[in-house]
Amino acid sequence: MAQPLLRAIDVHKRFGATEVLKGIDLEVQQGEVVAIIGASGSGKTTFLRCINLLEEFHQGEIQVDGERIGYTEGTHRRLGETAISAQRAKIGMVFQSYNLFPHMTAEQNVTLGLIKVQKRPKAEAVETARRWLDRVGLSERRGHYPYQLSGGQQQRVAIARAVAMEPKLVLFDEVTSALDPELVAEVLAVMQDLAKSGMTMLVVSHEMLFVREVATRVVFMEGGRIAEQGPPDALLVNPKSERLATFLGRFHGVFR
Amino acid sequence: MTYQFNFDVIFRSFDKMLAGLWLGLWLAALSLAIGTVIGLLAAYGRQSRLAPLRAVVWTYVEIIRNCPILLLIFFVYFGLPELGIFFLGKIESFVITLSIYAGAYLCEVFRAGLASMPARYVEAAKAIGLRPVQRQVHVVLPVMFRITLPALSNNLISLFKDTSLAAAIAIPELTFVTRQINANTFRVMESWLTASALYLVTCYAIAWLLRRVERRYAVIR
């Protein structure tokens, strides 16, 4: 097998005295769509945030495309901010509450990183932004400010902002959890489209139908550890562990 | 009432009053601009990891906020030359004083603005790979200015009214000019009523204008 795009080795993270990640080992291959599921407090979001260093971790190692993320070899000393910023630029992230820059239009939200981080000429950045906004179905809304957009539209802009930078890996952190139910589908449709195009995605989600349909692999986290993983059909329909069965029981009726 | 109003003499000097008003506006605008820079630096200083820097900024803010501004104006204009520090002139001296004064108040405004900055914007800026300075320039400061715009407006109006204190060191702004007209014509009521009306209309106009700007730039609704 080729070198994995993402490799996490024994990642530990503490908040004060509480250990929230108790040794995560995970490999994600290029083009995989890996869904992380689990109860709140199981460490899913924290693990995702460690990958682009929005959270520090205290032990272990994360590599993206062979490059060690955030810390020096051996001593586990944090890299400088400039080096970390450069690493983050290669990893896209979409947040639960969209986090669009409120003072910028949809198009400016997308072009900011292209111009300031990737140093692309403005005209090219604008063209790229328009292409992506078109792809997420928002070409009509590119001059709108976030407050003029619905939650679903804002989240689609946020996805365009992340993927326009052509990241190697895109992290999705419960991106539909803050949305009204009727707006969830439009966001999931965009994500499904991206998954089909071969983008490598790591998705924390409670949308089990989406997970089952789109993910190539499902990872079940429990108490800061990966408890079980496998193809969605096997894992979601025939969970091996009692705990996963209990967890899935809450999504009653979805699978059986 | 036996007082006979006669505005003729006032209107003969009206151009002088308008010139005084205009000068006052300039003094306020200039002081706000310089004060904004001081206030921003001070606000970042208050957040610094260096305890001595935080202490220096805290001392500056507390001294300025707890001394009457007229005293500061006299101190800078009359006091500093005694120490061998000569300014170019009264106007420069006054603008420096008012800027330092504004800086202390704006420091608190910006400090509150930075503290109320939602973390999610900074996280989004980090996630797309912006470096620390870029995050401040392109995200934190623009959002913070929009959050603090109402407070900035209040400060500008306040500063404009404070320019009347420049009369104390004979800068020919509106209050000083009015006092001269009053002295020359003995039309007490007419002089001060006219000046008051000019201040009122100007302040109200500034407030109205800034409210429009606020609405235009309100981003978090």
Side-chain angles (χ1 to χ4, degrees), chain A residues 45 48-49 51-55 70 80-105 108-119 144-149 154 157-158 160-167 169-173 178, chain B residues 36 39-40 43-45 47-50 53 106 109-153 209-221:
Chain A
T45 289
L48 209 65
R49 290 165 59 87
I51 295 171
N52 73 349
L53 293 158
L54 290 181
E55 300 284 353
E81 277 297 319
T82 308
I84 287 180
S85 299
Q87 292 183 333
R88 284 183 182 133
K90 297 176 201 159
I91 304 167
M93 179 147 190
V94 185
F95 298 87
Q96 180 173 349
S97 44
Y98 340 127
N99 302 16
L100 291 182
F101 305 125
H103 59 300
M104 295 182 179
T105 62
Q108 289 167 336
N109 262 278
V110 183
T111 55
L112 181 66
L114 300 173
I115 295 170
K116 298 299 170 190
V117 178
Q118 297 189 335
K119 310 286 180 206
H144 285 53
Y145 286 87
Y147 70 85
Q148 297 168 317
L149 300 172
Q154 289 189 53
V157 173
R161 176 175 70 181
V163 296
M165 301 204 35
E166 292 165 13
L169 168 72
V170 189
L171 311 170
F172 293 84
D173 182 16
Chain B
T36 299
L40 260 182
Y44 279 111
Q47 289 191 326
S48 165
R49 265 175 290 183
L50 301 170
L53 184 57
L106 292 173
V109 169
F110 293 143
R111 197 169 64 92
L114 290 174
S116 66
M117 172 74 48
R120 60 181 193 272
Y121 301 137
V122 180
E123 290 197 339
K126 284 181 179 176
I128 60 170
L130 289 175
R131 294 192 300 276
V133 173
Q134 292 179 318
R135 299 200 288 258
Q136 296 299 319
V137 172
H138 298 296
V139 178
V140 174
L141 288 178
V143 174
M144 196 233 5
F145 271 113
R146 285 162 170 83
I147 294 175
T148 54
L149 213 52
L152 289 177
S153 307
L209 210 69
L210 290 176
R211 261 203 306 277
R212 287 185 59 122
V213 175
E214 281 166 32
R215 270 206 292 274
R216 163 74 179 73
Y217 284 103
V219 285
I220 304 161
R221 327 185 178 190

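Residue numbers begin at 1 in each chain, while the letters A, B, ... track the order of the sequences.
- With a 4.5 angstrom heavy-atom cutoff, Gln134(B) touches chain A only via side-chain atoms.
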- Test log, rule side chain to side chain contact (heavy atoms under 4.5 Å, CB included), inputs Arg131(B) and Glu81(A): CA-CA 7 Å; Arg131(B) 294 192 300 276; Glu81(A) 277 297 319; over 6 Å; no
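- Chain B forms the most heavy-atom pairs under 4.5 Å with one residue out of Ile91(A), Asn52(A), Leu112(A), and that residue is Leu112(A).
- Every residue two or more places apart in sequence or in another chain was checked for a ring-ring contact (aromatic ring centres under 6.0 Å, His included) with Tyr44(B), and none qualifies.
- With chain B as the partner, the residue from Ala89(A), Ala158(A), Ser85(A) showing the most heavy-atom pairs under 4.5 Å is Ser85(A).
- Between chain A and the options Arg135(B), Lys126(B), Arg146(B), the largest number of non-hydrogen pairs under 4.5 Å is found for Lys126(B).
- The CD atom of Gln136(B) sits 8.5 Å away from the CE atom of Met117(B) when rounded to the nearest 0.5 Å.
- Summarising the geometry, atom OG1 belonging to Thr148(B) is positioned 10.0 Å from atom CD belonging to Glu214(B); distances are rounded to the nearest 0.5 Å.
- A donor-acceptor distance shorter than 3.5 angstrom exists from the side chain of Gln87(A) to the backbone of Gly70(A), with no hydrogens or angles considered.
- Only the backbone of Leu100(A) comes within contact range of chain B, judged by heavy atoms closer than 4.5 Å.
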